[in-house]
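One structure is given here, and the rest of the page talks about it.
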Amino acid sequence: TNNLYLVAWCVRYSGVDGDIYAQRVTPSGAPVGGAIFVEPFTNTVSSYPTVANNNGSDRFLVAWQQYPSQLGGVQDLACSGVNASNAALSNTLLFAIDGYYPRAGGESLVGYPNVQVVWNKLGIRGASISLPPTGGPGLVNTYVLSTVVSSGPVSISRSGGDPGQYLAVWREPIPGL
């Protein structure tokens with residue numbers, strides 16, 4: 001994505017205030033521009049940021065979990081787009097209720113605007129999120145990968161290889177043990 005990377009982190013100020021920041025960096029690790037304040041909400045604790053790139057839109061998607069919920073649950077999953085060229089931040093999309101530990105997979109091929117975010121919630125869930133060159137991210141669809149409630153944290157490949165093809169892995173208990 002514009003030959004840059006994006007790193008994201010959480011700064012915890014107190015038990016009721018945690019924010020998400022990001023920084024564009026070169027392949028050698030040199031910072032480009034200043035830190036980006038990604039998460040726009042006040043009186044929320046935001047954590048577990050994850051980043052996906054989309055080469056076709058020249059943007060990154062940053063997703064995170066936050067509480068209290070604005071959608072009616074305990075916590076929400078939210079995301080914003082970051083322009084790789086100028087660090088412009090899109091509006092924020094709240095896309096899931098009561099999910100936790102989100103992980104994102106990007107798209108290395110040009111012409112495919114969607115990235116994937118997977119998370120734990122009574123099993124393993126996922127969402128396809130569009131990340132167009134302009135405007136904010138949009139929820140394309142959601143899906144269920146597993147309904148095993150005690151599934152372990154999920155991971156996803158960083159790029160799909162073939163358009164829309166990703167590898168997601170997680171741990172499930174062995175029945176009877």
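Just so you know, these numbers come straight off a predicted model, no measurement behind them.
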**Request:** Only counting residues at least two apart or in another chain, list the ones meeting side-chain contact (heavy atoms from CB on, under 4.5 Å) with Asn86.
**Result:** Asn83, Ala88
**Item:** Stepwise side chain to side chain donor-acceptor pair (under 3.5 Å) check, Ser90 with Ser80
**Value:** CA-CA 6 Å; Ser90 77; Ser80 290; 4.6 Å; no
**Complete:** The side-chain contact (heavy atoms from CB on, under 4.5 Å) partners of Thr26 (sequence neighbours excluded) come to Leu4, Ser28, Ala30, Val32
**Message:** What's the separation between atom OG in Ser128 and atom CG in Asn114, rounded to the nearest 0.5 Å?
**Reply:** 3.5 Å
**Request:** Scan residues 78-130 for pairs that pass ring-ring contact (aromatic ring centres under 6.0 Å, His included), counting only residues two or more places apart or in two chains.
**Result:** Tyr48-Tyr101, Phe95-Trp119
**Item:** ILVMFWY cluster, Val62 and Val117 together (side-chain gap under 4.5 Å)
**Value:** no
**Prompt:** If you measure from CG on Asn3 to CG on Asn55, what distance do you get to the nearest 0.5 Å?
**Reply:** 10.0 Å
**Value rounded to 0.5 Å, distance of CD in Gln75 from CD in Gln70** = 13.0 Å
**Prompt:** Looking at Ser57 and Pro133, what are the two nearest heavy atoms and their distance?
**Reply:** CB-N, 3.6 Å
**Asked** Do Phe37 and Tyr13 share a hydrophobic cluster, counting only Ile, Leu, Val, Met, Phe, Trp and Tyr and linking them when any side-chain heavy atoms are less than 4.5 Å apart?
**Response** yes
**Asked** Minimum heavy-atom separation for Ala78 to Leu94, with atom names?
**Response** CB-CD2, 3.5 Å
**Message:** According to side-chain hydrogen bond (donor to acceptor under 3.5 Å, both in side chains), who are the partners of Ser47, at least two apart in sequence or on a separate chain?
**Reply:** none
**Request:** Quick one: do Trp170 and Val118 satisfy side chain to side chain contact (heavy atoms under 4.5 Å, CB included)? Show the steps, please.
**Result:** CA-CA 11 Å; Trp170 61 92; Val118 293; over 6 Å; no
**Asked** Same cluster or not: are Val51 and Ile129 linked, directly or through other Ile, Leu, Val, Met, Phe, Trp or Tyr residues, by side-chain heavy atoms under 4.5 angstrom apart?
**Response** no
**Request:** Go through the steps to decide whether Asn120 and Val154 satisfy the test side chain to side chain contact (heavy atoms under 4.5 Å, CB included), and finish with yes or no.
**Result:** CA-CA 7 Å; Asn120 291 72; Val154 62; 3.9 Å; yes
**Message:** Going by the rule side-chain contact (heavy atoms from CB on, under 4.5 Å), which residues pair with Val45 if we only count those two or more places apart in sequence or in a different chain?
**Reply:** Arg12, Tyr67
**Heavy-atom closest contact (Cys10 atom, Ser46 atom, distance)** = SG-O, 3.0 Å
**Request:** Treating Ile, Leu, Val, Met, Phe, Trp and Tyr as nodes and any side-chain heavy-atom pair under 4.5 angstrom as an edge, say whether Leu77 and Val115 lie in one connected cluster.
**Result:** yes
**Request:** Not counting sequence neighbours, which residues clear side-chain hydrogen bond (donor to acceptor under 3.5 Å, both in side chains) with Gln66? List them please.
**Result:** Trp64
**Message:** In the structure I gave you, are the side-chain heavy atoms of Leu61 and Asn54 within less than 4.5 Å of one another anywhere?
**Reply:** no
**Prompt:** Looking at residues at least two apart in the chain, or sitting in another chain, which of them share a side-chain hydrogen bond (donor to acceptor under 3.5 Å, both in side chains) with Ser85?
**Reply:** Asn2, Asp58
**Item:** Listed partners of Phe41 passing ring pair (Phe, Tyr, Trp, His ring centres under 6.0 Å), at least two apart
**Value:** none
**Fill in**
side-chain contact (heavy atoms from CB on, under 4.5 Å) filter on Pro31, not counting sequence neighbours, yields Gln23
**Request:** Could you work out the complete set of other residues in the hydrophobic cluster of Val149, with links drawn between I, L, V, M, F, W and Y side chains under 4.5 Å apart?
**Result:** Leu122
**Request:** For residues Gly18 and Glu39, report the shortest heavy-atom separation together with the two atoms involved.
**Result:** O-OE1, 3.5 Å
**Request:** To the nearest 0.5 angstrom, please state how far the CD1 atom of Ile97 sits from the NZ atom of Lys121.
**Result:** 6.0 Å
**Message:** Filter on side-chain hydrogen bond (donor to acceptor under 3.5 Å, both in side chains), then keep only pairs touching residues 130-143, sequence neighbours left out; what's left?
**Reply:** Gln116-Tyr143
**Complete:** Heavy atoms of Leu145 and Ala168 approach each other most closely as CD1-CB, 4.0 Å
**Complete:** d(Ile156 CD1, Thr50 OG1) to nearest 0.5 Å is 9.0 Å
**Request:** Take Asp76 and Thr44 through the test side chain to side chain contact (heavy atoms under 4.5 Å, CB included) and record every step on the way to the result.
**Result:** CA-CA 10 Å; Asp76 302 324; Thr44 61; over 6 Å; no
**Message:** Who clusters with Val169? Use side-chain heavy atoms, under 4.5 angstrom, across I, L, V, M, F, W and Y, and order the result by chain and number.
**Reply:** Leu167
**Item:** Shortest non-hydrogen contact from Val38 toward Ala22
**Value:** CG2-CB, 3.7 Å
